[in-house]
Student: 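This is the structure I have questions about; it appears just below.
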Protein chains: 2
Amino acid sequence: MGIAERKERVREEMKQMITTAAMKMFLEEGYAKTSIRNIADSIEYSPGTIYLYYKDKDELLYEVQRQAYGKLLEAFKAGAVSKDPLERLEQLGKLYVAFGLDNPELYDLMFIIRAPMNVDEKLHQSNGGDTFAFLVQCLEECMKGNLLIFKDIQLAALQIWSMVHGLVSLNLRCRLKIMVPVDEDIRFTLFRAVEEYLEAIRA
Amino acid sequence: MGIAERKERVREEMKQMITTAAMKMFLEEGYAKTSIRNIADSIEYSPGTIYLYYKDKDELLYEVQRQAYGKLLEAFKAGAVSKDPLERLEQLGKLYVAFGLDNPELYDLMFIIRAPMNVDEKLHQSNGGDTFAFLVQCLEECMKGNLLIFKDIQLAALQIWSMVHGLVSLNLRCRLKIMVPVDEDIRFTLFRAVEEYLEAIRA
DNA sequence: AAATATAATGAACGGTGTTCAGTAAATGCA
DNA sequence: TGCATTTACTGAACACCGTTCATTATATTT
């Protein structure tokens with residue numbers, strides 16, 4: 001009975017067509033300025049059709065977020081390759097910051113934007129779990145070797161993620177203009193901050 | 001010629017009436033869900049009137065942000081009173097985190113929300129300068145006494161602010177659920193993170 | 001009291017997310 | 001094969017949104 005399977009496949013293709021268009025437009029124009037009608041136009045379907053595949057605009061955002069977490073995880077896997085766990089931690093930190101600088105709109109979608117329609121914040125626990133686990137694993141190695149000052153691994157992860165997220169998100173919201181000289185290269189500055197921080201938490 | 005002065009006064013009262021209503025509704029319902037029409041209704045004026053006092057919805061947001069920065073500065077002044085600059089820095093950090101936890105909607109308005117109408121990010125340099133200066137001043141004292149590991153004060157401010165902002169904003173976006181045990185008190189956890197961080201950057 | 005200047009209105013414009021009765025295409029059954 | 005039924009899609013309609021502007025009401029000046 002291959003018909004049901006084909007239907008399922010076609011349905012998945014349709015869903016992907018929608019999210020691909022949505023991702024493209026979210027990145028180019030931002031989430032708020034992208035309307036369901038725009039997305040529908042770009043894939044040459046009527047607005048109503050999108051609602052046959054996604055419950056609402058938020059669900060579309062969640063799907064795009066899921067894909068974005070995947071991209072970040074890929075960047076981690078490709079770039080955090082050092083054998084030394086401390087070095088790898090530094091690579092992770094810089095990869096994270098670079099990801100935020102290179103994909104500001106994507107970073108916004110992933111961590112900053114609040115989907116304004118249904119203020120239901122339940123989804124996030126499942127989304128991005130793998131990516132976070134990658135950091136935790138590296139941290140575990142560091143702490144097994146007593147390379148960091150931390151005692152509690154959860155608190156360590158919290159602190160490190162907060163630091164890099166703070167750097168990226170303050171920059172994205174132009175809050176660094178107050179303190180960083182305009183002529184300085186932001187990337188360089190943020191990398192220095194990461195290095196200095198890692199220096200500080202070394203055992 | 002007291003008439004012009006009275007008119008100016010009345011105008012200011014009107015502006016304040018609008019921002020007061022706007023602040024209340026932004027906090028209760030969020031920025032996105034608060035419409036100009038709602039605000040107009042709540043002060044019993046027509047929507048068009050608001051545009052006689054504020055250029056657009058963003059300008060309303062900027063004004064509310066300005067007031068919010070004032071509130072944070074007040075909290076700083078009231079709570080960061082220790083003579084010891086290092087202790088004062090810890091007080092500042094905890095005050096900041098507490099402010100973010102106690103006024104999540106306000107914090108959102110100040111640091112996270114991107115005003116979506118005119119993507120003009122120029123205003124922020126003036127807004128909040130005083131509040132930031134308060135932190136820098138404390139930092140300066142710390143560094144004059146060689147109490148911190150930092151060499152560059154700008155980089156120090158960047159790092160510290162990033163840490164506390166990261167803690168608060170990840171929590172606000174429910175991204176801590178992945179790593180912090182649900183039963184634990186968030187405030188306690190974030191305070192511990194601040195303490196541990198300050199420990200790490202001590203000279 | 002009349003003319004002028006200021007303040008406020010609210011309908012209208014072009015958008016938004018979302019729903020749903022109606023239509024067209026694909027499938028199951030005889 | 002032909003017909004009934006399920007499935008896919010449409011696009012007008014609903015209730016909103018931010019913003020503008022001709023019109024009206026109020027206050028000041030002459």
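Numbers restart at 1 for each chain; the letters A, B, ... are given by sequence-line order, proteins then strands.
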Student: Closest to the A:I36 side chain: C:dA7, D:dA8, C:dG17?
Tutor: C:dG17
Student: Rounded to the nearest 0.5 Å, what separation is found between the NZ atom of B:K55 and the CG atom of B:D58?
Tutor: 7.0 Å
Student: Could you give the NZ-to-C1' distance, from B:K57 to D:dT20, as a whole number of Å?
Tutor: 17 Å
Student: Could you state the CD-C1' distance from A:E29 to C:dG15, rounded to the nearest angstrom?
Tutor: 15 Å
Student: Using a strict threshold of under 4.0 Å (side-chain N to carboxylate O), is an ion pair present between B:K144 and B:E141?
Tutor: no
Student: Tell me whether B:K71 is salt-bridged to B:E74, with the criterion being a basic N under 4.0 Å from an acidic carboxylate O.
Tutor: no
Student: Figure out the CD/P separation between A:E13 and D:dC9, and round it to whole Å.
Tutor: 12 Å
Student: Output the rounded distance in Å from CZ (B:R11) to C1' (D:dA27).
Tutor: 16 Å
Student: Using whole Å, what does the distance between atom C1' of nucleotide C:dT6 and atom CD of B:E8 come to?
Tutor: 14 Å
Student: Both B:S35 and B:K7 contact DNA chain D. Taking the nearest nucleotide for each, which residue is further toward the 5' end?
Tutor: B:S35
Student: In whole angstrom, what separates B:K55's NZ from D:dT20's P?
Tutor: 9 Å
Student: Test for a donor-acceptor pair under 3.5 Å between the base of C:dG15 and the side chain of A:R37, counting only N and O atoms.
Tutor: no
Student: Counting just side-chain N and O atoms, does B:Y45 come under 4.0 Å of either OP1 or OP2 of C:dA7?
Tutor: no
Student: What side-chain donor-acceptor pairs closer than 3.5 Å can you find for residues 79-86 of chain A, not counting sequence neighbours?
Tutor:
from, atom 1, to, atom 2, distance (Å)
A:S82, OG, A:D84, N, 3.3
A:S82, OG, A:E87, OE1, 3.0
A:D84, OD1, A:L86, N, 3.3

Student: In terms of side-chain geometry, is the basic nitrogen of B:K24 or B:E28 positioned less than 4.0 Å from the acidic oxygen of its partner?
Tutor: yes
Student: Starting at atom CG of B:D56, determine the distance to atom P of D:dT19, rounded to an integer number of angstrom.
Tutor: 5 Å
Student: For B:Y54, report the nucleic acid contact type (base, sugar-phosphate, nothing); a contact means any heavy atom under 4.0 Å.
Tutor: nothing
Student: What is the ring orientation for B:Y107 with B:F111, classed by angle as parallel under 30°, tilted 30 to 60°, or perpendicular over 60°?
Tutor: tilted
Student: Go ahead and write out DNA chain C as dot-bracket, 5' to 3': ( ) for pairs within the strand, [ ] for ones crossing earlier pairs, | when the partner sits on another strand, dots for unpaired; Watson-Crick or G-U wobble, both distances under 3.5 Å.
Tutor: ||||||||||||||||||||||||||.||.
Student: Is there a side-chain polar atom (N or O) of B:S46 under 4.0 Å from OP1 or OP2 of C:dG10?
Tutor: no
Student: Ignoring backbone atoms, establish whether A:Y51 has a side-chain N or O less than 4.0 Å from OP1 or OP2 of D:dT10.
Tutor: no
Student: Nearest 0.5 Å, please: how far is CG in B:D108 from CZ in B:F26?
Tutor: 12.0 Å
Student: With respect to the side chain of B:N38, which nucleotide from D:dT19, D:dT10, D:dC17 is positioned closest?
Tutor: D:dC17
Student: Choose from D:dT28, D:dT10, C:dA8 the nucleotide whose nearest atom is closest to any side-chain atom of B:T49.
Tutor: C:dA8
